[in-house]
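Atoms considered below: every heavy atom in the structure, side chains included; atoms not considered: hydrogens, waters and symmetry mates. Not measured: the values here are computed from a predicted model. Letters A, B, ... are given to chains in the order of the sequence lines, protein chains preceding strands, and every chain is numbered from 1.
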Amino acid sequence: MQAQTLKGFRDFLPTDMAPRQAMVRRIEVVFETHGFSPLQTPALEYLETLTGKYGDEGDKLLYRFTDHGDRQVALRYDLTVPLARVVAQHRAQLQLPFRRYQIAPVWRADKPQRGRYREFVQCDADICGADSALADAEVLVAGLSVLRSLGVEQAQMHLNHRDILFGILRLCNVPHHPAQIACIRAIDKLDKLTPAAVVEEIVQQADLPADQAQAVVAAFAAGWPLSHWQQQALDAADLPMQAAIERVAAVINLVTAAGLDRWLAFDCSIARGLDYYTGIIYETRLTDPKVASMGAVMSGGRYDGLIGLFGKEKIPAVGISVGLDRLFAALYELGLVRTDSAQVPIYATVLQPELAGAVLILVQGLRDHGWRAEIDTLGGKVGKQFERAAKRGARLALVLGPDEQAAGTVVVKDLRQSTQQSVAQTQLAAVVAAILRPQ
RNA sequence: GUGGAUGUAGCUCAGCUGGUAGAGCGCGGGAUUGUGGAUCCCGAUGUCGAGGGUUCAAGCCCCUUCAUCCACCCCA
């Protein structure tokens with residue numbers, strides 16, 4: 001039989017898994033300190049729970065099948081729709097606003113490529129039951145704090161609002177919905193294609209005359225500040241657009257107050273594909289050229305209509321999703337990941353099988369103090385055992401032979417400095433602490 | 001779903017116009033049996049992704065298939 005993983009699926013060996021886990025723990029801490037509580041939901045959902053929430057493309061990418069009881073099921077595609085289901089289903093037990101975080105794998109039957117996998121982990125934080133600008137800002141603050149806590153400096157969060165998008169299109173006299181959607185799709189590519197190519201795409205996909213398509217691209221590509229659109233919305237008496245602009249401005253002010261605005265920028269060309277977004281939307285990319293092609297690492301938005309699809313009550317919600325795998329891959333390429341966390345700092349050798357028990361007693365004593373310690377389980381020559389100790393990345397090796405045992409001592413060898421000392425067994429923990437945790 | 005590239009020892013790769021496989025790293029053993037990461041010596045390893053075809057002969061040519069990577073679509 002051939003040992004192999006499925007296309008787009010991966011194993012994580014300890015050298016990768018240990019730092020990954022460390023990263024997850026950091027994110028958990030950030031979310032928890034921001035007042036979000038953990039939630040877990042099943043990997044599998046009823047197919048109908050998931051279909052129709054992500055748009056046609058999303059529906060195609062659902063991993064779906066029929067289970068043994070002839071039920072149509074699907075692996076979750078994201079964490080947001082299951083959250084909406086949970087809020088509707090357990091409405092009575094939840095106090096609103098409900099702030100939850102969830103760090104879990106999701107599955108998409110996509111074609112794998114750089115920074116894209118079929119199984120990947122999302123780290124979501126959402127607030128359900130609050131439609132305020134402060135709720136939007138809280139979620140952004142949590143997400144940006146994650147980046148800060150991971151040491152990411154070169155990133156840019158692009159902020160936009162669905163109603164600004166549609167408002168600009170109305171200003172350009174593109175009132176029909178299908179044409180608007182086509183325009184938005186094309187506009188979203190402004191960062192990849194030339195303006196002329198985007199014009200061409202609009203002409204083709206939205207069926208607009210060339211001069212109008214040109215006007216649309218010009219409007220979006222100019223990089224106008226929020227104030228420009230505010231004036232435009234006022235002049236056109238476009239109330240939804242005015243409200244959207246006020247909302248975005250309010251959110252930016254709040255994030256600025258939190259001291260996290262250095263990553264933030266209004267960008268009217270951000271579109272977001274997932275169908276359920278209704279308000280503010282955002283997308284974060286890393287700006288270091290080495291990893292910029294990796295795609296968005298953190299995005300989300302407001303989805304006030306989604307929870308209502310699962311019950312009679314309409315509950316507004318806003319959330320953010322951190323892409324753990326992309327972020328990890330990027331940090332790895334940027335050299336910001338320490339790969340030594342899979343190693344063990346203390347390695348106890350066993351010179352004679354009869355002394356294994358005595359060694360184990362010492363090792364257990366260290367473990368009780370919280371030290372990560374490994375005992376050699378293969379035996380053989382001391383030289384070999386030291387070699388294994390070094391390969392495990394151990395800083396200290398313990399040696400306990402008959403002489404030491406008789407004297408109630410143990411040899412502590414510093415593998416990095418090639419020095420060693422004989423210490424009383426009762427002093428072992430103190431000596432280890434002095435070496436591994438100076439000061 | 002569309003297009004492009006690649007697939008040779010555990011890893012990174014070499015292999016000239018077809019003549020039955022190499023290097024580095026790594027790995028295993030050793031240098032008077034209670035001290036490693038340096039050095040030196042010795043050693044093993046591959047149905048050359050898989051299947052078929054052309055040929056006296058294929059890792060190298062042709063077809064098929066699978067896998068991986070990259071781009072598009074979409075997205076984390």
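Atom P of B/A44 sits at a distance of 11 Å from the matching atom of B/A23, rounded to the whole Å. Comparing the P positions of B/G26 and B/G37 gives a spacing of 12 Å, expressed to the nearest Å. For the P atoms, the distance linking B/C62 with B/G7 amounts to 13 Å, nearest Å. Here, B/U6 and B/G49 have their P atoms 13 Å apart, quoted to the whole Å. As rounded to the nearest Å, B/G22 and B/G15 have P atoms that lie 15 Å from one another. Comparing the P positions of B/U68 and B/C61 gives a spacing of 23 Å, expressed to the nearest Å. The C1' atoms of B/C11 and B/U45 are separated by 13 Å, rounded to the nearest whole Å. Remark: the separation of the P atoms in B/U47 and B/G43 is 22 Å, to the nearest Å.
Taking 4.0 Å as the cut-off between side-chain N and carboxylate O, A/E119 and A/R108 do not count as a salt-bridged pair. Between A/D304 and A/R302 there is a salt bridge, since a side-chain N of the basic residue sits under 4.0 Å from a carboxylate O of the acidic one. The pair A/E283-A/R285 meets the salt-bridge criterion, since a charged nitrogen lies less than 4.0 angstrom from a carboxylate oxygen.
Side-chain nitrogen and oxygen atoms of A/S299 include at least one within less than 4.0 Å of the OP1 or OP2 phosphate oxygen of B/A76. Put simply, A/K111 has no side-chain N or O that comes within less than 4.0 Å of OP1 or OP2 on B/C72. The shortest distance between the side-chain N/O atoms of A/R108 and the OP1/OP2 oxygens of B/C74 is not below 4.0 Å. Look at A/K391 and you'll find a side-chain N or O under 4.0 angstrom from OP1 or OP2 of B/C27.
Across the interface with RNA chain B, nearest-nucleotide mapping of A/E283 and A/Q420 shows A/Q420 to be the residue nearer the 5′ end.
For residues 13-25 of chain A, the set of pairs meeting the side chain to side chain donor-acceptor pair (under 3.5 Å) definition, not counting sequence neighbours, comprises A/R20-A/D325.
Rounded to whole Å, atom P of B/G36 lies 18 Å from atom CD of A/Q417. Here B/A71 presents its C1' atom at 13 Å from CG of A/D110, a figure rounded to the nearest Å. Straight-line distance from the CG atom of A/L79 to the P atom of B/A76: 11 Å, rounded to whole Å. In this entry the distance linking CD of A/Q352 with P of B/G34 reads 9 Å, nearest Å. Taking atom OH of A/Y282 as the reference point, atom C1' of B/C75 lies 16 Å away to the nearest angstrom. The distance between atom CE of A/M157 and atom P of B/A76, rounded to the nearest whole Å, is 12 Å. Atom CG of A/L62 is separated from atom P of B/C74 by 17 Å (rounded to the nearest Å). In this structure, A/F386 places its CZ atom 8 Å from C1' of B/G34, rounding to the nearest Å.
Partners of A/E201 according to the salt bridge (Lys or Arg N to Asp or Glu O under 4.0 Å) rule, which considers only residues two or more places apart in sequence or in another chain, are A/K189. With sequence neighbours left out, A/D110 forms a salt bridge (Lys or Arg N to Asp or Glu O under 4.0 Å) with A/R116. Applying the salt bridge (Lys or Arg N to Asp or Glu O under 4.0 Å) test to A/R416 and every residue at least two apart in sequence or in another chain returns nothing. Checked against ring-ring contact (aromatic ring centres under 6.0 Å, His included), A/Y101 has the following partners two or more places apart in sequence or in another chain: A/F31. For A/D11, there are no salt bridge (Lys or Arg N to Asp or Glu O under 4.0 Å) partners, not counting sequence neighbours.
If you check B/G34, B/G36, B/A76 against the side chain of A/V411, the one that comes closest is B/G34.
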Go through it in stages, so that I can follow the logic: the residues are A/Q122 and A/Q102, the test is side-chain hydrogen bond (donor to acceptor under 3.5 Å, both in side chains), and I'd like the CA-CA distance, side-chain angles, deciding distance and then a yes or no.
CA-CA 8 Å; A/Q122 291 195 321; A/Q102 181 169 8; over 6 Å; no
Where do A/T278 and A/R162 land on the side chain to side chain contact (heavy atoms under 4.5 Å, CB included) test, with the steps shown first?
CA-CA 6 Å; A/T278 55; A/R162 279 289 229 245; 5.8 Å; no
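Applying the 3.5 Å distance criterion, the base of B/G37 shares a donor-acceptor pair with the side chain of A/S418. The base of B/G36 is paired with the side chain of A/K413 by a donor and an acceptor separated by under 3.5 Å.
Checked by atom type and distance alone, the side chain of A/T287 pairs as donor or acceptor with a backbone atom of A/Q154 at under 3.5 Å. A donor-acceptor distance shorter than 3.5 angstrom exists from the side chain of A/E404 to the backbone of A/G401, with no hydrogens or angles considered.
A donor-acceptor pair shorter than 3.5 Å can be found between the side chains of A/H34 and A/S145. Using modelled atom types, one finds a donor on one side chain and an acceptor on the other under 3.5 Å when comparing A/D78 with A/Y54.
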Protein-nucleic acid N or O pairs under 3.5 Å, nucleotides 29-32 of chain B:
unit_1 : atom_1 : unit_2 : atom_2 : d
B/G29  : OP2    : A/K384 : NZ     : 3.2

Protein N or O to nucleotides 64-68 of chain B N or O, pairs below 3.5 Å:
unit_1 : atom_1 : unit_2 : atom_2 : d
B/U68  : OP2    : A/K7   : NZ     : 3.0

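Here the straight-line distance linking atom NZ of A/K413 with atom OG of A/S418 works out to 5.5 Å at 0.5 Å rounding.
Considering only heavy atoms from C-beta on, A/L286 comes within 4.5 Å of A/V152 through its side chain.
For RNA chain B, the neighbouring residues in residues 395-410 of chain A, judged by any heavy atom under 4.0 Å, are A/V399, A/G401, A/P402, A/D403, A/E404. Within residues 113-127 of chain A, the residues having any heavy atom under 4.0 Å from RNA chain B are, by residue number, A/Q113, A/R114, A/G115, A/R116, A/Y117, A/F120, A/Q122.
Looking at heavy-atom distances under 4.0 Å, A/R285 makes contact with a base. Using a 4.0 Å heavy-atom criterion, one finds that A/Q385 contacts no nucleic acid atom at all.
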Donor-acceptor contacts, no H, no angles, side chain residues 346-365 of chain A, under 3.5 Å, sequence neighbours left out:
unit_1 : atom_1 : unit_2 : atom_2 : d
A/Y347 : OH     : A/D376 : OD2    : 2.6
A/T349 : OG1    : A/L398 : O      : 2.6
A/Q364 : OE1    : A/R367 : NH1    : 3.0

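Every stem involving RNA chain B, taken as at least 3 paired positions in a row under the Watson-Crick or G-U wobble test at 3.5 Å, is listed here: B:1-7 with B:66-72, B:10-13 with B:22-25, B:27-31 with B:39-43, B:49-53 with B:61-65.
Aromatic pair A/Y117/A/F9: centroids not less than 6.0 angstrom apart.
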